[in-house]
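Worksheet: the structure to be examined is printed underneath.
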Amino acid sequence: MKQLVLIPLLALTLTGCVTYRTNSDGITRARFGEAVRVDGPQVTPLKLLEDSRCPEGVQCIWAGQVRISAILTLGSRVKNVEMTQGEPIPVADGTLELVEVMPRRQANVTLYPDDYRFGFRFSGGL
């Protein structure tokens, strides 16, 4: 009898593959490997390619940038994309932008992949 109760519970747990985490600010946030729907497109951040942001409290000549690789899903179309923070990419009838990277860089603090959260915004569409 216990097995009959656990099977539906396990099925409910496994069905949540795509997350909707859009706050009132219009930004949808995700971590590595987490698929999120940003209005129409679905984005899954995969890998950090570059995090050259200037740490807080440090004076830098260049502010730096964050680049990630991600999977972009539009209906049945799936493609790998490279996204740079602050640079929108054309998607369907609008643009998708990596608008936020958390946490902020700090001097002498190592960030690990599990620490990162990425904020995306879709502009345009119907």
Side-chain angles (χ1 to χ4, degrees):
M1 184 68 174
K2 289 182 182 179
Q3 289 177 335
L4 295 176
V5 173
L6 291 178
I7 292 172
L9 183 60
L10 180 60
L12 285 173
T13 305
L14 295 176
T15 57
C17 296
V18 177
T19 306
Y20 299 86
R21 293 184 184 221
T22 303
N23 293 339
S24 60
D25 59 6
I27 298 173
T28 304
R29 293 167 178 89
R31 60 182 56 177
F32 284 118
E34 181 179 23
V36 293
R37 190 153 313 276
V38 186
D39 287 331
Q42 178 182 311
V43 182
T44 308
L46 294 178
K47 182 178 179 182
L48 183 69
L49 301 175
E50 176 185 353
D51 185 355
S52 59
R53 295 175 294 167
C54 184
E56 287 184 335
V58 176
Q59 190 169 13
C60 300
I61 296 172
W62 183 53
Q65 65 182 11
V66 173
R67 293 184 313 116
I68 64 169
S69 67
I71 293 176
L72 181 60
T73 306
L74 291 162
S76 62
R77 295 187 329 242
V78 177
K79 68 178 187 175
N80 289 323
V81 294
E82 185 177 302
M83 300 185 74
T84 302
Q85 185 178 7
E87 295 181 10
I89 59 173
V91 173
D93 55 349
T95 59
L96 180 68
E97 184 176 355
L98 173 60
V99 294
E100 175 183 270
V101 179
M102 297 301 285
R104 293 183 173 96
R105 293 276 315 255
Q106 295 185 12
N108 302 317
V109 174
T110 302
L111 292 177
Y112 297 97
D114 286 346
D115 297 331
Y116 284 90
R117 302 294 179 272
F118 303 98
F120 301 95
R121 181 179 291 134
F122 180 73
S123 300
L126 300 175

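By convention here, the first residue in the shown sequence is residue 1.
Within the model, atoms CD of Glu50 and NZ of Lys47 stand 13.0 Å from one another, a figure rounded to the nearest 0.5 Å. Annotation: the span from Phe118 atom CZ to Glu100 atom CD amounts to 11.0 Å, rounded to 0.5 Å. Atom OH of Tyr116 sits about 4.5 Å away from atom CG of Leu111, to the nearest 0.5 Å. Atom-to-atom distance recorded for Thr73:OG1 and Gln42:CD is 4.5 Å, nearest 0.5 angstrom. Rounding to the nearest 0.5 angstrom, the gap separating the CG atom in Leu74 from the NZ atom in Lys79 is 7.5 Å. One distance of note links CD of Glu97 with CZ of Arg121; it measures 7.5 Å at 0.5 Å rounding.
Tested against Phe32, the residues Asp115, Leu48, Asp114 include a single side-chain contact (heavy atoms from CB on, under 4.5 Å) partner, Leu48. Test Ile68, Leu72, Leu49 against Met83 for side-chain contact (heavy atoms from CB on, under 4.5 Å) and you get one pass: Ile68.
Contact detail for Cys60 and Pro55: the closest heavy-atom pair is SG-CD, 4.3 Å.
Cluster partners of Ile71 are Leu46, Val78, counting Ile, Leu, Val, Met, Phe, Trp and Tyr whose side-chain heavy atoms approach within less than 4.5 Å, directly or via other members.
In terms of hydrophobic clustering, with Ile, Leu, Val, Met, Phe, Trp and Tyr side chains grouped at heavy-atom distances under 4.5 Å, Ile27 and Met102 are assigned to different clusters.
Residues Phe122 and Pro41 meet the side-chain proximity criterion, which asks for heavy atoms closer than 4.5 Å. A heavy-atom distance below 4.5 Å is not found between the side chains of Val99 and Phe120. In this structure, Leu98 and Thr84 have side chains that are not in contact, with every pair of non-hydrogen atoms separated by 4.5 Å or more.
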**OP:** For salt bridge (charged side-chain N to carboxylate O under 4.0 Å, His left out), just list the numbers for Glu56 and Arg105, CA-CA rounded to whole Å, side-chain angles, deciding distance to a tenth of an Å, and then say yes or no.
**Re:** CA-CA 6 Å; Glu56 287 184 335; Arg105 293 276 315 255; over 6 Å; no

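Side-chain atoms of Gln65 and Gln85 include no donor-acceptor pair closer than 3.5 Å.
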